[in-house]
S.K.: 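Got a structure for you, questions after.
To find a chain, count down the sequence lines: A is the first, B the second, and so on, and within it residues start at 1.
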Protein chains: 2
Amino acid sequence: MEHKFLNFESIDILDGFWCRKQEMLRKTTVWAVYDRFKETGRFDAFKCDKNSEIKPHIYWDSDVAKWIEGASYLIKKSPEPKLEEIIDEVVDNIEKNQLPCGYFNSFYIAIEPQNIFKNRDCHELYCAGHLIEAAVAYAEATGKTKFVDLMIKYVDYIEYRFKIKGDTGFKTPGHEEIELALVRLYKFTGERKFLDLARFFVLERGKSLETALTDWANESYLQSHMEAKKQDKAVGHSVRATYFYCAMADIALLDGDEELKSACEKIFDDIINRKMYITGGIGSTHHGEAFTIPYDLPNETAYSESCAAIGLVFFAHRMLILTGEKKYADVIERVIYNGFLSSISLDGKAFFYVNPLEIVKKNHTRHKSVNFSDHLPPMHRFEVFDCSCCPPNIVRFLGSFASLLYTYNESGIYLQQYASSKAKFKIDGKEITLIQKTSYPQNGKISLISDTDVTVFVRVPEYLGDLNFAKNGYVPLRLVANVEKTIEFELPTMLIEGNPKILAAAGKVALARGSVVYCMEGCDNESELFNIRINKNTDFIHGFDNELGVPTITVSAFIREDSDALYSPLSQSRKEIFAKFIPYHAFANRGETDMQVWTLVE
Amino acid sequence: MEHKFLNFESIDILDGFWCRKQEMLRKTTVWAVYDRFKETGRFDAFKCDKNSEIKPHIYWDSDVAKWIEGASYLIKKSPEPKLEEIIDEVVDNIEKNQLPCGYFNSFYIAIEPQNIFKNRDCHELYCAGHLIEAAVAYAEATGKTKFVDLMIKYVDYIEYRFKIKGDTGFKTPGHEEIELALVRLYKFTGERKFLDLARFFVLERGKSLETALTDWANESYLQSHMEAKKQDKAVGHSVRATYFYCAMADIALLDGDEELKSACEKIFDDIINRKMYITGGIGSTHHGEAFTIPYDLPNETAYSESCAAIGLVFFAHRMLILTGEKKYADVIERVIYNGFLSSISLDGKAFFYVNPLEIVKKNHTRHKSVNFSDHLPPMHRFEVFDCSCCPPNIVRFLGSFASLLYTYNESGIYLQQYASSKAKFKIDGKEITLIQKTSYPQNGKISLISDTDVTVFVRVPEYLGDLNFAKNGYVPLRLVANVEKTIEFELPTMLIEGNPKILAAAGKVALARGSVVYCMEGCDNESELFNIRINKNTDFIHGFDNELGVPTITVSAFIREDSDALYSPLSQSRKEIFAKFIPYHAFANRGETDMQVWTLVE
């Protein structure tokens, strides 16, 4: 059954885990990303000066656009004149340099005007999509419509060239994004032509084979190997894929298209049953930053891009709206506490593009020993990348994070994610204020109080399985106005094993407390991590690391002691040690050190 | 204490394991390699026809030379007129096309005469070395000296250009081989200038930095990073390395050079204590086919080149002669039953260049899914390669295999390798015939009978450790003329573990019976191999595979049963199965299937 969701603008996150992350975003991250983008020339690129010393990159517009979108969310919640000033200057530059036809792309205008709309993989429509999203977000935040008006002009030109005239060098974009952006523009303006154009890009895709871009960037890489409605597997570049699946879900909802809905359901199941890391990360290889084959989830060479984690949440959230099924909210929880959150340093200033599940420092030494630069995971976060798509994506994701908390329909409110918050609903004309108090994920207690009688369906966390007092995975709580009700879920610490088909998890376990996956770091442990075997009957000792400001779990484990022999008969002799774990999302905040999610068990 | 070794020409292998391999060599392999070389143009290349349709490769001379060397060993043991005819034709072509100065290289003469001795990595001196070895072997086999005379003329020219005039584009060769070949030529001719030239190439190496060849082919790759006497670690391309270390050991012996001897000992220990697969394979990466860092021994991406296994035996054999220490013979045993023997198919016609310790077929599917061709192991043997150095190396190795069996000195005869054989010694002018009867490695019983009273020191296999009735690892048997004595070593079946520093062996064991390492193949086992955990208390059921003609071992093991969940709480539930193992050297003889040496244990 379809749900509606409560937009972040109607929710104040009050305190606790996510409040601290949002404060970090407002105080630090939005500025850190701005500073890096400013100094690398990304903002000045909007001047479209072909003589500029710094040559813009084809996706710089999208970097800044995502930052604007995130900044707009902050402005929406609380005025930030400096941010507005920066954004207004960008908008002025767009106005100044937009071509008379409506086209805008800082790279193509300044550098290659002769190649506009000729190259499928050059991210023009991707950049356009992000500019559209930014423009809508900025209009919603400030009421200023200049930016969105400029983008509507651009969209009209896109419609003319791609849909009406059809004279462009490609039919559908190499990197999806514009599809979901057009849906958003439709929702903002109410103009059906934008939805129709979104539908055009979604449904034309894969109808005829367009040229593969390179050897590896084939039609599957671009999700163009077949029509959307026929797709049932997650393939190709994982960010492109999830953005596309988002648009499919959007159109399935708006058009009531059961075929698209069914395709989305199959694809989603393919991801979460066969192609998702325990952290919620997706994309098993750096080759094409792509999905590979079922159960192929290598740890050290995991790609698990930050943007793909975000894309998976976007997709899951749309599927939650479309179906009302809790499994989608379960996946969101898995991602936000792990594979998403690992992407940003604890100080809010540095970012992972790639989120590995294992770091073995000596494998870097290995590579150096033969002067080879094969793909190995980064050992620390960076403040900016050449391809810096992830940092501003993190900004906009955290800025609108509260939108994930609640959905609702005629039966009541669904509490999908746990976070202390005050939410204002308007359901069937009735206003309801709901306050959620919780220290989740520190414990599983959730207190609710509303100013009106209402039923709140509280999602049971995935790791508790089926609870007999829950209905479809939600515990219905009938709230009486101004009477607090409390529910407390168990928050088990668990050793988890992977499907027997996952080679990288064979013989190993991961440690999790609730949905928070833990890892070991080399700097916390005396042995090489791969030599540690968790005692399968271990107790769990909970602690707190003051330096990192995160909880810790210590377990009993065994190691084999150092030996001179390279090979020797199997000995059962083991040394007992204690192994210390920290939340996976907090790794790589203390310099370069080994890290491991999956650990031997015995 | 120095030993002498008994050359294969004085030994007849009578029956059993190695006899079957030598019969296969004579009946099949030598011809199979010839046919492939003939049809690929390697033999015709010696015509040096610059207008030939088939362009020769820079190392083709060495391919044919190694084959000639191997064929000569066969001729030495028993006439083979057809082989002689083929070789004589090659020699005639060399005579016809050798430059007046003495230079001979079919590629450079036909294709790039202007570039003679200009490019360090173009294998000219490597080819020269193999031609020298072939020429000596052929002269020893047939008494015909034309080939060796032609090569002496070539060596004189090399000496003139490299040592006297010094006007070549490089000082020492990019790929070692000529050094040990010159020592061999010295031993054959007794002419010191050849030894001096060998010493020149060995001692000049690394004295001054020569140009690195490419990014990855740096001075370490070529063992040119420091002077030979200062080297103490195995580095770089593992075939180049072992050939170089052979020459170092040769010169250490001939010159009584303690510094070179000490360098060789340190390098050897570095290999066998830190850089050798359990199969005796060396070279942990395809990047530069090279040694990497200590304990870096990945299974699937093992390089473990067949030529490197052969090179390690050559090196170990020289060290055995130089020191008389049994550990060198132990390593030879490890290599010959595993990493060497895996290089040739059971039918003797096809070859591995790379000898992996794990094959996971679905990883090939993985790579295809993203159109990527990263290094993965071959899944079957080939009859010929573009760079076909290994097949003829196997021919010459098997052809002279018996040279590994015995050493001797004034205290008596040392039985270093077990094989049914009749050996004729001449020690201090006294002739001794020694017959060894054994079914090794099927069992550990060895019977000895000689026609003269003599002490035979029988090496205790490495896997038995120190036996209290042995002396320095050898059991002294005082043979009385014509009285058979029998010794029977235990032949334990064992689960072996790797050093705790080896990531690829963590949590796993290998199965071995005596020195024969076993592996599982997918076609013999019902579960994916990485999901199998050997019961650490298993019994071993010995059997025989009639299709392959090899012994088998069946063990009790556990698997986790199929599950729908991608992740679930640790369950102790296991299904008990029987897992079947075959000798590692017999893998990949039944089509493409998974293979695994290191298996989980619990």
S.K.: Who among A:Met494, A:Arg366, A:Arg274 has the most heavy-atom pairs with chain B under 4.5 Å?
M.R.: A:Arg366
S.K.: Donor-acceptor pair, A:Glu602 side chain versus B:Glu602 backbone, under 3.5 Å?
M.R.: no
S.K.: Tell me, for A:Gln572 versus chain B, whether the close heavy atoms (under 4.5 Å) come from the side chain, the backbone, both or neither.
M.R.: side chain
S.K.: Using heavy-atom distances under 4.5 Å, tell me whether A:Arg533 contacts chain B through its side chain, its backbone, both, or neither.
M.R.: side chain
S.K.: Measure the NZ-OG distance between B:Lys233 and A:Ser369 for me, rounded to the nearest 0.5 Å.
M.R.: 13.5 Å
S.K.: Below 4.5 Å from any heavy atom of chain B, which atoms of A:Ser220 appear? Answer side chain, backbone, both or neither.
M.R.: neither
S.K.: Strictly less than 4.5 Å between heavy atoms, which residues of residues 563-570 of chain B line up against chain A? Please order them by number.
M.R.: B:Ser563, B:Asp564, B:Ala565, B:Leu566, B:Tyr567, B:Ser568, B:Pro569, B:Leu570
S.K.: Tell me, for B:Leu600 versus chain A, whether the close heavy atoms (under 4.5 Å) come from the side chain, the backbone, both or neither.
M.R.: side chain
S.K.: Where on A:Pro298 is there a heavy atom nearer than 4.5 Å to chain B: the side chain, the backbone, both, or neither?
M.R.: side chain
S.K.: Hey, what do you get for NE2 (B:His367) to OG1 (A:Thr285), rounding to the nearest 0.5 Å?
M.R.: 7.5 Å
S.K.: Taking every non-hydrogen pair under 4.5 Å, which of A:Leu529, A:Leu503, A:Asp562, A:Thr292 racks up the most with chain B?
M.R.: A:Leu503
S.K.: For A:Phe291, which atoms come within 4.5 Å of any heavy atom of chain B: side chain, backbone, both, or neither?
M.R.: backbone
S.K.: Give a yes or no answer on whether the side chain of A:Arg560 reaches the backbone of B:Lys501 with a donor-acceptor pair at less than 3.5 Å.
M.R.: no
S.K.: Could you check which of B:Gly498, B:Pro500, B:Ser527 has the highest count of heavy-atom pairs closer than 4.5 Å to chain A?
M.R.: B:Pro500
S.K.: Among the options A:Asp296, A:Leu297, A:Ile272, pick out the one with the most heavy-atom pairs lying under 4.5 Å from chain B.
M.R.: A:Asp296
S.K.: Considering heavy atoms only, which positions within residues 504-515 of chain A lie below 4.5 Å of chain B?
M.R.: A:Ala506, A:Gly507, A:Val509
S.K.: Are the side chains of B:Ser571 and A:Glu497 in contact, using a 4.5 Å heavy-atom criterion?
M.R.: yes
S.K.: What residue, out of A:Lys362, A:Glu528, A:Lys275, has the most heavy-atom pairs lying under 4.5 Å from chain B?
M.R.: A:Lys362
S.K.: With a 4.5 angstrom heavy-atom cut-off, is it the side chain or the backbone of A:Ile278 that approaches chain B, or both, or neither?
M.R.: both
S.K.: Name the option with the most non-hydrogen atom pairs under 4.5 Å to chain B; the candidates are A:Val235, A:Ile502, A:Val601.
M.R.: A:Ile502
